[in-house]
Amino acid sequence: MEKYVIKGRVPLDGEVTIAGAKNAALGILAAAILTDDECIIENVPYVEDTKVLLRAIEALGATVRYIDLHTVSICGKTIDKDNLCVDDEYIRRIRASYYLLGSMLGKFKYAQVALPGGCDIGLRPIDQHIKGFEALGAKVDIVSGGKVVAKADELIGRHIYMDVVTVGATINIMMAAVLAEGKTTIENAAKEPHIVDVANFLNSMGANIKGAGTDVIRIRGVQRLVGTEYSIIPDQIEAGTFMTMAVATKGNILIKNVIPKHMEAISSKLSEIGATVIEYDDSIRVMADGRMKSTQIKTLPYPGFPTDMQPQMATTLALSSGNSIITESIFENRFKYVNELARMGARIKVEGNSAIITGVEGYTGANLVAPDLRAGAALVIAALAADGISTIDDIKYILRGYEDFDGKIRALGGQIEIVNDEREEQKFKLRVS
Ligand code: EPZ
């Protein structure tokens, strides 16, 4: 089983280029089947989640072609209308499989998709997705074998008030509504940059969506959508991960291909604890030397501090002086990495949905296991800051959301390798000792 082996206490220094946003790409790839024409999508991150979703889209009968590693052509014209069922072992592992519910329902008025998987960070129900589909006139059932079936004779635009601010349901309802009769309003909509990116993609196909990025999205149904060429925005969370990596290792990293506006919540918090954050048009330089200060953070929907940066920030704050508090207001079970960090010397106490952090001078290397995608990235950050050597198992979670993570870290001077067995691990240890 492949794992990372890392030798820490090397300040990371240099430049890193951020890939396309995974959580925008997943919605956009699914949305591409809303037209029979070809869609060319650029800046697709080459990560497990996008590969799995593209495999599922191809299994539906769509024509999927990698033009290059980050550019994909999708043509939904060849989808088999008698086979609108997505259910294989891969698709059950990712959360974004549910986006095929919205796009297939919107295009074909029928969809059958295995219930979504994804990181175990909480209950993650799909009741708001179902509420939106039913409001548009669909009948939605969960059938044996853990599949969701959605079907409609017709889809009629409606006024939908979301009980919860949810990224997935906001994107899914947008996709189900773009070809519906009349006007749909989504109130209390999520405002993340990837919601705006999916809306911009759909509008480039001829959809009529206004207000994405605010909490009220207005959609006027159109007759048909046409093919498009579109480039996905940079990944806010990959960028934030490298920003916290620069601070935790007391390094100096220029993070390129970012939209600084999307990074504001992260940039301001890192500045607040004493890091130097310099914004340019499409890049951000983050530097830190000496010990950072403590702070308080509460994760919130965008533009608040993103939940997907909570583990990475906690790992950084656990090295600050003084006491910090992080409150996780989005998911119920997103502190599983705390036990792993404790084995490296961190002092964090989880009380309800808050982590009470007492800063320590440093971490010591340990053998760790990644519990989920962003917690795994946080453990890599901790290992890069730690004294000594660490290993991280279950890196499959990390590979779902970060492209060439170890390669990018090595390019910054980090000592990290993927090893497949004890022999390779020993070779690394000899090489770095
Ligand atoms: C998306 O998950 C992202 N995943 C997550 O990123 C991210 O953490 C999350 O949005 C919040 O920003 C993808 O885009 C593939 P939600 P999603 O629906 O859509 C509750 C990562 O690390 N809820 O916004 O599943 C839910 O339980 C991943 O890249 C309902 O109650 O998140 C949660 O408490 C992890 N009913 C809250 O809303 C519903 O029908 C936010 O969930 C849907 C959600």
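The structure displayed is predicted, hence computed values, not measured ones. All ligand and atom numbering here is 1-based and tracks the order in the structure.
Annotation: Tyr402 is not in aromatic contact with Phe242 [ring centroid separation under 6.0 Å not met].
Only the side chain of Arg374 comes within 4.0 Å of ligand 1, counting heavy atoms alone; its backbone N, CA, C and O stay farther away. When heavy-atom distances to ligand 1 are checked against a 4.0 Å cut-off, Lys22 comes that close only through its side chain, counted from C-beta outward. Residue contacts with ligand 1 for Arg95 involve side-chain atoms from C-beta outward but no N, CA, C or O (heavy atoms, distance under 4.0 Å). With a heavy-atom cut-off of 4.0 Å, Pro125 touches ligand 1 through backbone and side chain alike. Under 4.0 Å from ligand 1, heavy atoms of Ile330 appear from its side chain as well as its backbone. At a heavy-atom cutoff of 4.0 Å, ligand 1 is contacted by both the backbone and the side chain of Val167. In Glu238, neither the side chain nor the backbone holds a heavy atom less than 4.0 Å from any atom of ligand 1. In Tyr397, neither the side chain nor the backbone holds a heavy atom less than 4.0 Å from any atom of ligand 1. By the criterion of a heavy-atom distance under 4.0 Å, both the backbone and the side chain of Asp127 are placed next to ligand 1.
Counting atoms of ligand 1 from 1 in the listed order, those under 4.0 Å from a heavy atom of Gly168 are 18 (O), 19 (O). For ligand 1, the atoms closer than 4.0 angstrom to any heavy atom of Gln128 are 36 (N), 39 (C), 40 (O). Near Arg124, meaning under 4.0 Å from one of its heavy atoms, ligand 1 places the atoms 2 (O), 17 (P), 25 (O), 27 (O), 35 (C). Within ligand 1, the atoms closer than 4.0 Å to a non-hydrogen atom of Ile121 are 35 (C), numbered from 1 in the order shown. Every atom of ligand 1 with a heavy atom of Arg334 under 4.0 Å away is listed here by number and element: 8 (O), 22 (O), 35 (C).
Residue Thr307 has no nitrogen or oxygen atom sitting less than 3.5 Å from a nitrogen or oxygen atom of ligand 1, judged on distance alone. Here's the thing with Tyr98: one of its N/O atoms is less than 3.5 angstrom from an N/O atom of ligand 1.
Summary of contacts: the protein heavy atom closest to atom 32 (O) of ligand 1 is Phe331 CZ, 3.9 Å. Ranking protein heavy atoms by distance to atom 38 (O) of ligand 1, first place goes to Val164 CG1, 3.3 Å. For atom 18 (O) of ligand 1, the closest non-hydrogen atom on the protein side is Thr166 OG1, 2.7 Å. Nearest protein neighbour of atom 14 (O) of ligand 1, counting heavy atoms only, is Asn23 CG, 3.2 Å. Of all protein heavy atoms, the one closest to atom 6 (O) of ligand 1 is Asp308 OD2, 2.9 Å.
The existence of a salt bridge linking Asp215 and Lys191 is excluded, since no basic side-chain nitrogen approaches an acidic carboxylate oxygen closer than 4.0 Å. Look at Asp308 and Arg334 and you find a salt bridge, because one of the NZ, NE, NH1 or NH2 atoms lies within 4.0 Å of a carboxylate O, short of that distance. Ion pairing between Glu58 and Arg55 fails under the 4.0 Å rule for side-chain N and carboxylate O. The pair Asp36-Lys107 counts as a salt bridge, with a side-chain nitrogen and a carboxylate oxygen less than 4.0 angstrom apart.
The distance from the CD1 atom of Ile219 to the CE atom of Met175 is 11.0 Å, given to the nearest 0.5 Å.
A tilted orientation is assigned to the rings of Tyr4 and Phe405, their planes being inclined by 30° to 60°.
Under 3.5 Å, the side chains of Glu187 and His159 contain a donor-acceptor pair of N or O atoms. For the residue pair Asn23 / Glu192, no side-chain donor-acceptor distance below 3.5 Å is found, with atom types taken as modelled.
The shell of residues lying under 4.0 angstrom from ligand 1, judged by heavy atoms, includes Leu373.
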Exercise for the section: Kindly determine whether Asp49 and Arg95 satisfy salt bridge (charged side-chain N to carboxylate O under 4.0 Å, His left out), including the steps that lead there. Expected result: CA-CA 9 Å; Asp49 271 14; Arg95 179 83 184 151; over 6 Å; no
**Residues Arg65, Glu38; criterion salt bridge (charged side-chain N to carboxylate O under 4.0 Å, His left out); working and verdict** = CA-CA 10 Å; Arg65 184 166 53 91; Glu38 180 185 25; 3.1 Å; yes
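At least one side-chain heavy atom of Ile33 sits less than 4.5 Å from a side-chain heavy atom of Leu100. Contact check for Thr358 versus Asn323: side-chain heavy atoms found under the 4.5 Å cut-off.
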